[in-house]
Student: 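So that we are looking at the same thing, I have put the structure below in structure tokens.
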Amino acid sequence: MKIVTVVGARPQFIKAAAGSRQLRREHQEILVHTGQHFDDNMSAVFFREMGIPQPDYNLGVSGGSHGQMTARMLAGIEEILQKEMPDALLVYGDTNSTLAAALAAAKLRIPVLHVEAGNRLGTLDNPEEINRKLTDHCSTLLFCATEDAKQKLVAEGLGHRTHCVGNIMYDSFLYFAGQPWDSPNILALDGSPVTVPDSYYYMTCHRQENTYSDEPLTAILAAMNQLDAKTLYPVHPRNRERAERVCRVHGFDNIILTQPVGYSDSVHLTQHAKKIVTDSGGLQCEAFYAGVQCVFVLDYVVWPETMVGNRNQLAKADTADILEKLSAQQCIDPDYQPFGDGHAAEKICDVIRVWEKER
Ligand code: UDP
């Protein structure tokens with residue numbers, strides 16, 4: 001089949017690394033990059049380091065309001081789909097790129113294949129929840145990372161199109177976690193190299209809920225600054241200016257701000273960290289895979305499977321709450337693995353093969 005895959009943001013590149021490799025064994029894939037993330041260290045580094053094929057199209061759409069961005073992507077993707085007339089469109093996750101592509105394809109009666117379907121926070125206050133729900137409801141094949149996500153889709157009447165295949169990010173994680181970490185390339189905001197301390201906490205924080213003003217980010221950083229080791233915090237370009245200013249004004253010198261790091265560095269930083277504090281959906285799962293305790297700073301649970309034995313705890317953007325959660329001990333059941341076996345990409349291709357024959 002000819003399959004158009006649309007990606008646009010960092011977590012989608014990481015998923016596409018595993019997905020494209022497998023898909024191209026059997027199908028012709030046309031890769032479209034919407035341009036949502038465009039800095040070298042938010043985009044190109046993943047293509048280079050993870051062996052992702054170069055995009056066939058780059059729409060160069062970034063910035064603007066959610067509506068403007070989605071509309072420009074929708075128009076651009078529709079044009080590509082009309083020209084390529086693929087047998088299916090494949091999308092990952094829950095970004096504006098995901099929604100725009102799914103809408104464009106569904107209106108052209110091109111079947112949509114959605115990887116990482118069925119995740120629900122239970123509130124439309126979260127902009128990605130809107131993307132997830134709408135994409136799921138106009139998709140033909142829904143690939144879930146966990147049994148819980150599958151049950152959410154069953155409850156929404158989509159069970160007959162749903163397949164639980166495991167988390168495709170786990171495929172990428174296992175591959176990179178097994179590689180040597182020879183030459184970390186971690187740069188401070190001024191471009192100078194950063195030496196990874198022997199003992200450190202790893203933090204990422206960029207969600208709108210935590211970075212829309214100084215207050216939540218300051219509370220989170222104040223907690224990290226009080227810990228018994230330094231915190232490495234690769235800053236998303238969206239809140240770089242705010243993070244830099246907050247650290248400077250409050251004298252948070254126990255925190256090392258860095259530029260975004262490549263995937264191999266992120267995986268190895270995760271594996272060797274004392275603990276992790278994040279508002280990232282992907283990083284909390286990687287902490288879980290690595291057996292490193294995580295505190296997830298948000299008002300909603302994103303991956304309920306990780307919330308066992310204090311392995312991942314929800315905290316408010318509140319200094320005392322984060323410190324309290326960080327002081328807890330975790331308990332790991334080595335037999336508990338709700339994210340599959342690291343072969344999600346193969347399972348997705350198995351389902352596509354059967355569907356292709358039957359349709
Ligand atoms: N990540 C990375 N470099 C960084 C920060 C994060 O490679 O500087 C990886 C991280 O390991 C995880 C993914 O990016 O796999 C998470 O992406 P992001 O936080 O942008 O999205 P979310 O998980 O919130 O959807």
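Start at 1 and go down the list; that is how both ligands and their atoms are numbered.
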Student: Would Gly281 count as being in polar contact with ligand 1, using the rule that some N or O on each side must be under 3.5 angstrom apart?
Tutor: yes
Student: Need the ligand 1 atom indices (1-based, order shown) with element for anything under 4.0 Å from a heavy-atom of Val261.
Tutor: 2 (C), 3 (N), 4 (C), 7 (O), 8 (O)
Student: Do Lys274 and Asp228 meet the salt-bridge criterion of a basic N to acidic O distance under 4.0 Å?
Tutor: yes
Student: Is there any N or O on Ser280 that sits under 3.5 Å from an N or O of ligand 1?
Tutor: yes
Student: Does the structure place the NZ or CZ of Arg10 under 6.0 Å from the centre of the six-membered ring of Phe46, at an angle of no more than 45° from the ring's axis?
Tutor: no
Student: Would a line drawn from the ring center of His137 to the ring center of His114 be shorter than 6.0 Å?
Tutor: no
Student: Please determine whether the number of non-hydrogen atoms from other residues, nucleotides or ligands lying under 6.0 Å from atom CD of Glu26 exceeds 12.
Tutor: yes
Student: Report yes or no: does a heavy atom of His236 sit under 4.0 Å from some atom of ligand 1?
Tutor: no
Student: With a 4.0 Å heavy-atom cut-off (strictly under), which part of Ile14 contacts ligand 1: side chain, backbone, both or neither?
Tutor: side chain
Student: Can you find a side-chain donor-acceptor pair between Asp94 and Asn131 that sits under 3.5 Å?
Tutor: no
Student: With no hydrogens and no angle check, just 3.5 Å: does a side-chain donor-acceptor pair link Glu286 and Thr270?
Tutor: no
Student: Determine whether more than 12 heavy atoms belonging to other residues, nucleotides or ligands lie under 6.0 Å from atom CG of Asp198.
Tutor: no
Student: For residues Leu121 and Glu129, report the shortest heavy-atom separation together with the two atoms involved.
Tutor: N-OE1, 2.8 Å
Student: Provide the number and element of each atom of ligand 1 under 4.0 Å from a heavy atom of Pro234.
Tutor: 8 (O)
Student: State whether Glu241 and Arg245 are salt-bridged, where the test is any N-O pair (Lys NZ or Arg NE/NH1/NH2 against Asp/Glu carboxylate O) under 4.0 Å.
Tutor: yes
Student: Is there a nitrogen or oxygen of Phe46 sitting under 3.5 Å from a nitrogen or oxygen of ligand 1?
Tutor: no
Student: Under 3.5 Å between some N or O of ligand 1 and some N or O of Ser266?
Tutor: yes
Student: Tell me if the CD atom of Gln208 is crowded by more than 12 foreign heavy atoms within 6.0 Å.
Tutor: no
Student: Counting non-hydrogen protein atoms only, what is the nearest one to atom 12 (C) of ligand 1? Give residue, atom name and distance.
Tutor: Glu286 OE1, 3.3 Å
Student: Could an N or O of ligand 1 be found under 3.5 Å from any N or O of Arg10, whether backbone or side chain?
Tutor: yes
Student: If you count the atoms of ligand 1 from 1 in the order shown, which ones are under 4.0 Å from a heavy atom of Pro260?
Tutor: 8 (O)
Student: Quick one: does Tyr202 get an N or O within less than 3.5 Å of an N or O on ligand 1?
Tutor: no
Student: Which protein heavy atom lies closest to atom 23 (O) of ligand 1, and at what distance to 0.1 Å?
Tutor: Gly282 N, 2.6 Å
Student: Within the structure, is a non-hydrogen atom of Met169 found at a distance of less than 4.0 Å from ligand 1?
Tutor: yes
Student: Taking N or O atoms only and a 3.5 Å limit, does Val267 qualify as a polar contact for ligand 1?
Tutor: no
Student: Salt bridge check, Lys347 against Asp350: does any charged N sit closer than 4.0 Å to a carboxylate O?
Tutor: no
Student: Write out the residue and atom name of the closest protein heavy atom to atom 25 (O) of ligand 1, then the distance separating them to 0.1 Å.
Tutor: Pro11 CG, 3.5 Å
Student: Does ligand 1 have any atom sitting under 4.0 Å from a heavy atom of Gly262?
Tutor: yes
